Amino acid sequence: MKPLVYIILLNWNNYELTEDCIKSLRKITYTNYKLVVVDNGSQHDVPRLKKLKKLYSILLIENEKNLGFAEGNNIGIRHALKSNANYVLLLNNDTVVEPRFLDILVGEAEKNQSTGIASPLIYYYDEPEKVWYGGATFNFWHGDAKHQHLNELDKGQFNSVRSTTYGSGAALLIKRKVLEEVGMLDAYFFIYYEETDLCVRASRKGYMIKFVPQAKVWHKVSASTKKASPFMIRQNIRNRFIFMRKNAKWYHWPSFLLFYFAEIGVLILYKLLRGDAVAAKAAVAGLLAGLKYRKEFSGKLPQTFLS
């Protein structure tokens, strides 16, 4: 019997994307899985999602409000662990998958007890040979998280599994024992940096994070640069600082603070010169929110977690 995998799709006002993702998942070759759709307080999607529930025998969990990417997924993770899942797969609802991707991810995770988290090779949906995620790095001296091989064309250079700093939250396979020992996503992030934080915590407990390029997923994001919304600016600035507060060593801070404040200063000046006071204000708000953070999250599951 193959390990039981719970696939968690988080939906928020994007029914059409979720439906396409589910149709893609119906074609996968892995047989021992359960599909959980967590609706994060959508305004109009629930009635249509209930039709999908009947059609595809999925579990639908309805949140009363938008709990964010982190806690929204945690709702699904809690259900999965209570239901004896061996693995949890966090999958963005704006993805489609290659039929064998889950067989490959689970197969790689099963090879080594110390492999705790695995992510596939992720392409742009609209440019199906262009890479969006091909492994990742985090530079603690600058506080920079970056996807490797971003916007490269796949010309056969991805032929071997390797360790990486963090997996992508767009498609993240997590072993049960990692969640039990390390904890779930830190809900304080709300969105952005939560998967990076989870992977760093797992790494420091001795688990390997694997990039598995033989497993393939396509993500419906644009390869062309888009203007970041004020919310994105605020959250990225806020969460970058919070991530460092949680995970950086004391000797990283002098160089990090130099780069962090310099980059924010340049961003604010650039936005003001372009007449975008809203974005400049969002950058300041993100900085202040990050500075106010206290280490409230222990990284451990409560003792009553499975009760």
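Throughout, numbering of the chain's residues begins at 1 and tracks the sequence. These figures come from a predicted structure and were not determined experimentally. Atoms considered below: every heavy atom in the structure, side chains included; atoms not considered: hydrogens, waters and symmetry mates.
- The shortest non-hydrogen separation linking R234 to A289 is NH2-CB, 3.6 Å.
- Side-chain N or O atoms of N14 include none that pairs as donor or acceptor with a backbone N or O of L17 at under 3.5 Å.
- Results of the side chain to side chain contact (heavy atoms under 4.5 Å, CB included) test with D276 over L272, V278, L273 single out V278 as the only residue that passes.
- Proximity of a side-chain donor or acceptor of E127 to a complementary backbone N or O of Y123 within less than 3.5 Å is not detected.
- With sequence neighbours left out, the side-chain contact (heavy atoms from CB on, under 4.5 Å) criterion links A171 to L91, P120, I122, V217.
- Scored by the salt bridge (Lys or Arg N to Asp or Glu O under 4.0 Å) test, K249 finds no partners at all (sequence neighbours excluded).
- Here salt bridge (charged side-chain N to carboxylate O under 4.0 Å, His left out) pairs that include residues 87-102, with residues two or more places apart or in two chains, number zero.
- Aromatic ring centroids of F241 and Y260 lie under 6.0 Å apart.
- Atom CH2 of W218 is surrounded by more than 12 heavy atoms from other residues, nucleotides or ligands within 6.0 Å.
- For N236, the side-chain contact (heavy atoms from CB on, under 4.5 Å) partners are Y192, Y193, M232, not counting sequence neighbours.
- Grouping Ile, Leu, Val, Met, Phe, Trp and Tyr residues whose side-chain heavy atoms lie under 4.5 Å apart, directly or via other members, leaves M1 alone, with no other cluster members.
- No more than 12 heavy-atom neighbours from other residues, nucleotides or ligands sit within 6.0 angstrom of NZ on K34.
- Within the 3.5 Å criterion, the main-chain N or O of K2 finds a donor-acceptor partner in the side chain of N32.
- Among pairs with a residue in residues 48-58, those fulfilling salt bridge (charged side-chain N to carboxylate O under 4.0 Å, His left out) read E16-R48, D45-R48, K50-E62, at least two apart in sequence or across chains.
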Indicate every side-chain donor-acceptor pair of residues 22-29 with a distance under 3.5 Å to a residue at least two apart or in another chain.
unit_1	atom_1	unit_2	atom_2	d
S24	OG	V97	N	2.7
S24	OG	V97	O	3.3
T29	OG1	P99	O	3.4
T29	OG1	D103	OD2	2.3

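- Within the 3.5 Å criterion, the main-chain N or O of L67 finds a donor-acceptor partner in the side chain of N40.
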Audit row: T196, F189, side chain to side chain contact (heavy atoms under 4.5 Å, CB included) steps and yes/no | CA-CA 11 Å; T196 311; F189 285 106; over 6 Å; no

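- Of the possible donor and acceptor atoms, none in the side chain of N247 sits under 3.5 Å from a partner among the backbone N and O of D197.
- For the side-chain hydrogen bond (donor to acceptor under 3.5 Å, both in side chains) with Y207, the qualifying choice from R201, E181, K177 is E181, the only one to do so.
- The main-chain N or O of E194 is never found under 3.5 Å from a side-chain atom of D186 such that the two would form a donor-acceptor pair.
- Atom CG in L257 sits 12.5 Å away from atom NE2 in H142 (nearest 0.5 Å).
- Hydrophobic cluster of W141: the remaining members, joined at side-chain heavy-atom separations below 4.5 Å, are W250, Y251, listed by chain and number.
- Sequence neighbours left out, the pairs with a member in residues 53-85 that pass ring pair (Phe, Tyr, Trp, His ring centres under 6.0 Å) are Y6-H79.
- Outside the 6.0 Å centre-distance limit, the rings of H219 and Y133 are not counted as a close aromatic pair.
- Pairs passing the salt bridge (charged side-chain N to carboxylate O under 4.0 Å, His left out) check and including a residue from residues 132-153, sequence neighbours excluded, read D144-R240.
- Between L267 and A283, the shortest heavy-atom contact is CD2-CB, 4.2 Å.
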List the steps and the verdict of side chain to side chain contact (heavy atoms under 4.5 Å, CB included) for H44 and Y15.
-> CA-CA 9 Å; H44 307 294; Y15 167 83; over 6 Å; no

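- Looking at R176, its side chain does come within 3.5 Å of a backbone N or O of A85 through a donor-acceptor pair.
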Start with the C-alpha gap between K111 and E108, add the side-chain angles, then the distance that decides, and say whether salt bridge (charged side-chain N to carboxylate O under 4.0 Å, His left out) holds.
-> CA-CA 5 Å; K111 286 180 183 178; E108 181 60 37; 3.5 Å; yes

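- Shortest non-hydrogen contact noted between N11 and S42 is ND2-OG, 3.2 Å.
- Of all non-hydrogen atoms in C21 and N92, the two that sit nearest each other are SG-O, 3.8 Å.
- Heavy-atom minimum distance, T115 versus M208: OG1-CE, 3.6 Å.
- Residues near V46 contribute nothing to a hydrophobic cluster around it, because no ILVMFWY side-chain heavy atom sits closer than 4.5 Å to its side chain.
- At least one donor-acceptor pair under 3.5 Å links the side chain of D154 to the backbone N or O of G156.
- At most 12 non-hydrogen atoms from other residues, nucleotides or ligands lie less than 6.0 angstrom from CD of Q113.
- Considering only heavy atoms from C-beta on, V88 stays 4.5 Å or farther from N73 through its side chain.
- The side-chain hydrogen bond (donor to acceptor under 3.5 Å, both in side chains) contacts involving residues 158-175 comprise Q148-R162, where partners must be two or more places apart or lie in separate chains.
- Looking at N151 and Y124, their side chains do bring a donor and an acceptor atom within 3.5 Å of each other.
- In this structure, N139 and F259 have side chains that are not in contact, with every pair of non-hydrogen atoms separated by 4.5 Å or more.
- Annotation for Q214 and V161: closest pair OE1-CG2, 3.6 Å, computed over non-hydrogen atoms.
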